[in-house]
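Naming convention: chains lettered A, B, ... in sequence-line order (proteins, then strands); numbering from 1 in each chain.
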There are 2 protein chains.
Amino acid sequence: MQDQFKRDFFLGFIKVHILHHARIEPIYGKEFRQELRRHGYEISYGTLYPIFHKLEKGDYLTSEQKNVSGKIRKYYSITKKGVRALEAAKLKARELFNELFEES
Amino acid sequence: MQDQFKRDFFLGFIKVHILHHARIEPIYGKEFRQELRRHGYEISYGTLYPIFHKLEKGDYLTSEQKNVSGKIRKYYSITKKGVRALEAAKLKARELFNELFEES
DNA sequence: ATTACGATATCGCATTTCGATATTATAAAT
DNA sequence: ATTTATAATATCGAAATGCGATATCGTAAT
């Protein structure tokens, strides 16, 4: 599968992952990107950070800066609106799963 | 959930749906769009048709025109390469599902 | 002061997405 | 035979998104 289509198919998956993880615990860009790579997803910072910004602007995430041994990290947590969006996404993900894997 | 984010999250889901359905039987644009609407996905023709074209160009789909009572329909079927991409996507969808719904 | 460095932010270009509009092909009507 | 109607596909221009590369930030150590 070529990279071009990987992105096409999976960027949405990645966005759901963001909300899901940000609900469990605050996440920040660099570590989250590495987490994604461990799961086989490639995303550049030029894509990831603007997604964070957009999700924060849309009030799906909220951020808080922390100084970790002299380096600034921006931790994102999910908002109530984000939780609602995540639940809607989970519903759709479940439907997709059922359809893809139903016996036929 | 606002439309803007619906699209962000679900356009990839839609692309997986396309491959999945095109594997089961040949699909064509207008009917497939209505099928998607029944499942709660909104996509315009200005988005859908170029996706078909791109998937065909990338050899994930192949098309055949048919005359149905005077109207031309372009039926798309999946290719071998498309099947491989679909299987990869199903794997990822399963992983996403497992992560979203795992007990914690 | 300067350097080092983890981390975030932004740039310019290419591609994608969108609603709206145009085009195509044929059957039915005249 | 020409016109009209219509299902369906194709394409347009503008806006948004995605990308790799590069720049910037903030602080601690030197």
Side-chain angles (χ1 to χ4, degrees), chain A residues 1-19 21-22 25-37 41-58 60-77, chain B residues 1-19 21-22 25-37 41-58 60-77:
Chain A
M1 197 168 191
Q2 287 161 233
D3 283 59
Q4 179 191 10
F5 289 95
K6 267 193 186 172
R7 287 188 204 111
D8 271 5
F9 289 135
F10 301 136
L11 199 49
F13 286 21
I14 288 176
K15 289 173 183 175
V16 178
H17 270 293
I18 289 174
L19 292 185
H21 278 100
E25 63 184 343
I27 60 177
Y28 70 97
K30 189 167 194 193
E31 186 188 58
F32 186 71
R33 179 179 186 238
Q34 289 165 351
E35 164 86 7
L36 285 173
R37 295 189 73 163
Y41 294 108
E42 283 292 337
I43 188 172
S44 84
Y45 291 125
T47 304
L48 184 58
Y49 286 116
I51 288 173
F52 278 143
H53 300 164
K54 188 181 170 191
L55 288 173
E56 181 169 28
K57 195 175 172 196
Y60 295 82
L61 296 178
T62 182
S63 72
E64 184 184 5
Q65 290 194 331
K66 281 193 184 170
N67 174 343
V68 179
S69 62
K71 304 306 176 306
I72 297 298
R73 290 181 190 167
K74 205 163 166 185
Y75 280 95
Y76 289 92
S77 306
Chain B
M1 196 170 193
Q2 287 162 233
D3 282 58
Q4 181 190 8
F5 289 96
K6 266 192 185 173
R7 287 189 204 110
D8 271 6
F9 289 135
F10 300 136
L11 199 49
F13 285 22
I14 288 176
K15 289 174 183 175
V16 178
H17 270 293
I18 289 174
L19 291 184
H21 277 101
E25 63 184 343
I27 61 177
Y28 69 98
K30 187 166 195 194
E31 187 189 59
F32 186 71
R33 179 178 187 240
Q34 290 165 349
E35 164 86 7
L36 285 173
R37 295 189 72 165
Y41 294 108
E42 282 293 336
I43 188 173
S44 83
Y45 291 125
T47 304
L48 183 58
Y49 285 115
I51 288 174
F52 279 143
H53 299 165
K54 188 182 172 191
L55 288 173
E56 181 170 29
K57 196 175 170 194
Y60 296 83
L61 296 178
T62 183
S63 71
E64 184 184 7
Q65 290 193 333
K66 281 193 184 170
N67 173 344
V68 179
S69 62
K71 306 306 176 302
I72 297 298
R73 291 181 189 165
K74 205 163 166 184
Y75 280 94
Y76 289 92
S77 307

Between OH of A:Tyr45 and C1' of D:dC19 the distance, given in whole Å, is 14 Å

Over how many whole Å does the gap from B:Arg7 atom CZ to C:dC18 atom C1' extend?
-> 7 Å

Minimum side-chain heavy-atom gap A:Glu42-A:Arg37 below 4.5 Å = yes

Spacing between B:Asn67 atom CG and C:dA28 atom P, to the nearest angstrom | 11 Å

Quickly work out the B:Ile43 CD1 to D:dA8 P distance and round it to whole Å.
-> 17 Å

Report the distance from atom CZ of B:Arg73 to atom C1' of C:dT23, rounded to the nearest whole Å.
-> 19 Å

Atom-pair distance (CD1 on A:Ile72; P on D:dT27), nearest Å = 4 Å

Do the non-hydrogen side-chain atoms of B:Phe52 and B:Ile27 ever get within less than 4.5 Å of each other?
-> yes

B:Lys30 side-chain proximity, nearest of D:dA7, C:dT8, D:dG18 = D:dA7

A:Phe32 CZ to C:dA7 C1': how many Å, rounded?
-> 16 Å

Distance test, side-chain N/O of A:Lys71 to OP1/OP2 of C:dT8, below 4.0 Å = no

For D:dT11, take OP1 and OP2 only and decide whether either is under 4.0 Å from a side-chain N or O of B:Tyr49.
-> no

Roughly how far, to the nearest 0.5 Å, is OH of A:Tyr49 from NZ of A:Lys30?
-> 8.0 Å

Counting heavy atoms from C-beta on, name the nucleotide in D:dT17, D:dA8, D:dG26 closest to the side chain of A:Lys54.
-> D:dT17

Would you mind reporting whether A:Ile18 and A:Leu61 have side-chain heavy atoms less than 4.5 Å apart?
-> yes

What nucleic acid atoms does A:Lys15 come within less than 4.0 Å of, heavy atoms only: base, sugar-phosphate, or nothing?
-> sugar-phosphate

5'-most by nearest nucleotide on DNA chain D - A:Ser44 or B:Tyr76 = B:Tyr76

Atom CZ of B:Arg33 and atom P of D:dA7: how far apart are they, to the nearest Å?
-> 15 Å

When A:Tyr28 and B:Leu11 are each assigned the nearest nucleotide of DNA chain C, the 5'-most assignment goes to A:Tyr28

Answer with base, sugar-phosphate or nothing: what part of the nucleic acid does A:Gly46 contact at a heavy-atom distance below 4.0 Å?
-> base

For B:Lys15, salt bridge (charged side-chain N to carboxylate O under 4.0 Å, His left out) partners two or more places apart = A:Asp8

